[in-house]
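What follows is a single structure, written as structure tokens, with notes after it.
Each chain gets a letter, A, B and so on, in the order the sequences are listed, and its residues count up from 1. When reading the values below, keep in mind they use all heavy atoms of this one structure, side chains included, and skip hydrogens, waters and symmetry mates.
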Number of protein chains: 2
Amino acid sequence: MTSRKLNSTNYSNQVYLEERCTLNKLINLLSKRWMTEVLFGIEEGNNRFTTLKDELEHISDNILADRLKLLEEYKLISKESFSEIPARVEYTLTDTGRELSNILEKLCDFSDTCMLSHQQAAKKY
Amino acid sequence: MTSRKLNSTNYSNQVYLEERCTLNKLINLLSKRWMTEVLFGIEEGNNRFTTLKDELEHISDNILADRLKLLEEYKLISKESFSEIPARVEYTLTDTGRELSNILEKLCDFSDTCMLSHQQAAKKY
DNA sequence: GTCATAACTTCGTAATTAATGAGTTATTCT
DNA sequence: AGAATAACTCATTAATTACGAAGTTATGAC
């Protein structure tokens, strides 16, 4: 994954928004593809690289690795490596991760009504 | 803005995720740049194209127009045109929009602690 | 009749993000 | 020795999203 151009308007606008409100930072994180599904997957007990990969059918290795790394960086999940054969690594939600998950569930309930009604409206015309 | 390639993996993965959970649809909408700020801006009373533009300093016309159109499409805001001179158009949050805004405020409180602690951790190393 | 303003739209390009595919390390099973 | 498995990494390419600048429509003021 290539690094960002620090002198672009695109970048400086993102910084501007993140400074305006940290929500923009969080949404930027959560909006990366597969991110919420990885989080929910771990919450539901799919706590290994391969089980997550199996559950999320179409995700590619590098994306899953990246999302796990980000979630760990933001302390939403924690990683534990067991020195077994073959190697085993387990991920679990942190308290912060669980807190986030709870808020997202509310957002999810909301989106069920909001997004579905939009879908129907879009179909009609 | 160019249209999507309907036969790409990129596209079919997005569809897959949106079918899995409507939250992915909502986050996809909210993650478009400036989207939450436009929503909050309207809530705070900046309900015209130009006042929003002034408040959001660096936003460009076409992006603001697009975000307003999307928010209206999803019935999060409503638009009223007054036949005055010069033309006046006003945007206001719908009930649904206000409901969303409330949930987002909770997410915002969360991100204040979560994202700020990450920032400090990142600075240390 | 030219200028100004509000609220947009359109087009081309730059920047970012996702996907594909091959390679890595360590270890055991055959 | 060769194949298999878990959990990754890296480079290249494809797709999407954001930006910049100019153009549009309607109306009234000068």
How close or far is atom [atom2] of [N] from atom [atom1] of [X], stated in whole angstroms?
| X | N | atom1 | atom2 | value |
| --- | --- | --- | --- | --- |
| N7(A) | dA15(C) | CG | P | 7 Å |
| I63(A) | dA11(D) | CD1 | P | 16 Å |
| R4(B) | dA18(C) | CZ | C1' | 11 Å |

Next item on the list: List for me each residue that meets salt bridge (charged side-chain N to carboxylate O under 4.0 Å, His left out) alongside E90(B), sequence neighbours excluded, and say none if there are none.
Entry: R88(B)
Note to self: Please determine whether a side-chain nitrogen or oxygen atom of S8(A) lies at a distance below 4.0 Å from atom OP1 or OP2 of dT16(C).
What the structure shows: yes
Notebook entry, point to check: Can you check whether T9(B) has a side-chain N or O nearer than 4.0 Å to OP1 or OP2 of dT20(C)?
Noted result: yes
Checklist line | Expected output: side-chain R33(B) to main-chain I63(B) donor-acceptor under 3.5 Å | finding: no
Next item on the list: Would you mind checking if E55(A) and R20(B) are paired as a salt bridge, meaning a charged N to carboxylate O distance below 4.0 Å?
Entry: yes
Determine the contact category for [X]: base if any of its heavy atoms lies under 4.0 Å from a base atom, sugar-phosphate if only primed atoms, P, OP1 or OP2 are that close, otherwise nothing.
| X | answer |
| --- | --- |
| K79(B) | sugar-phosphate |
| D61(A) | base |
| F82(B) | nothing |

Note to self: For N7(B), give me all partners under side chain to side chain donor-acceptor pair (under 3.5 Å), at least two apart in sequence or on another chain.
What the structure shows: none
[X] has a side chain; which of [options] sits nearest to it?
| X | options | value |
| --- | --- | --- |
| Y91(A) | dA18(C), dC8(D), dG20(D) | dC8(D) |
| N10(A) | dC11(C), dT16(C), dA19(C) | dT16(C) |
| N62(A) | dG21(C), dC19(D), dT16(D) | dG21(C) |

Which protein N or O atoms sit under 3.5 Å from an N or O of nucleotides 4-6 of chain D?
from	atom 1	to	atom 2	distance (Å)
dA6(D)	O3'	R48(A)	NH2	3.2
dA6(D)	O3'	A87(A)	O	3.2

Check: What distance do L93(A) atom CG and E44(A) atom CD have between them, rounded to the nearest 0.5 Å?
Finding: 10.0 Å
Next item on the list: Could you give me the CA-CA distance, side-chain angles and deciding distance for L64(A) and L68(A), then say whether side-chain contact (heavy atoms from CB on, under 4.5 Å) is met?
Entry: CA-CA 6 Å; L64(A) 178 54; L68(A) 288 169; 4.0 Å; yes
Check: According to the ring pair (Phe, Tyr, Trp, His ring centres under 6.0 Å) rule, which pairs have a member within residues 40-62 of chain A, sequence neighbours left out?
Finding: H58(A)-Y16(B)
Could I get a table of every N or O pair under 3.5 Å where one atom is in the protein and the other is in nucleotides 25-27 of chain D?
none

Notebook entry, point to check: Where along residues 11-38 of chain A does a heavy atom fall under 4.0 Å from DNA chain C?
Noted result: Y11(A), K32(A), R33(A), W34(A)
Checklist line | N28(A) versus S31(B), side-chain donor and acceptor atoms under 3.5 Å | finding: no
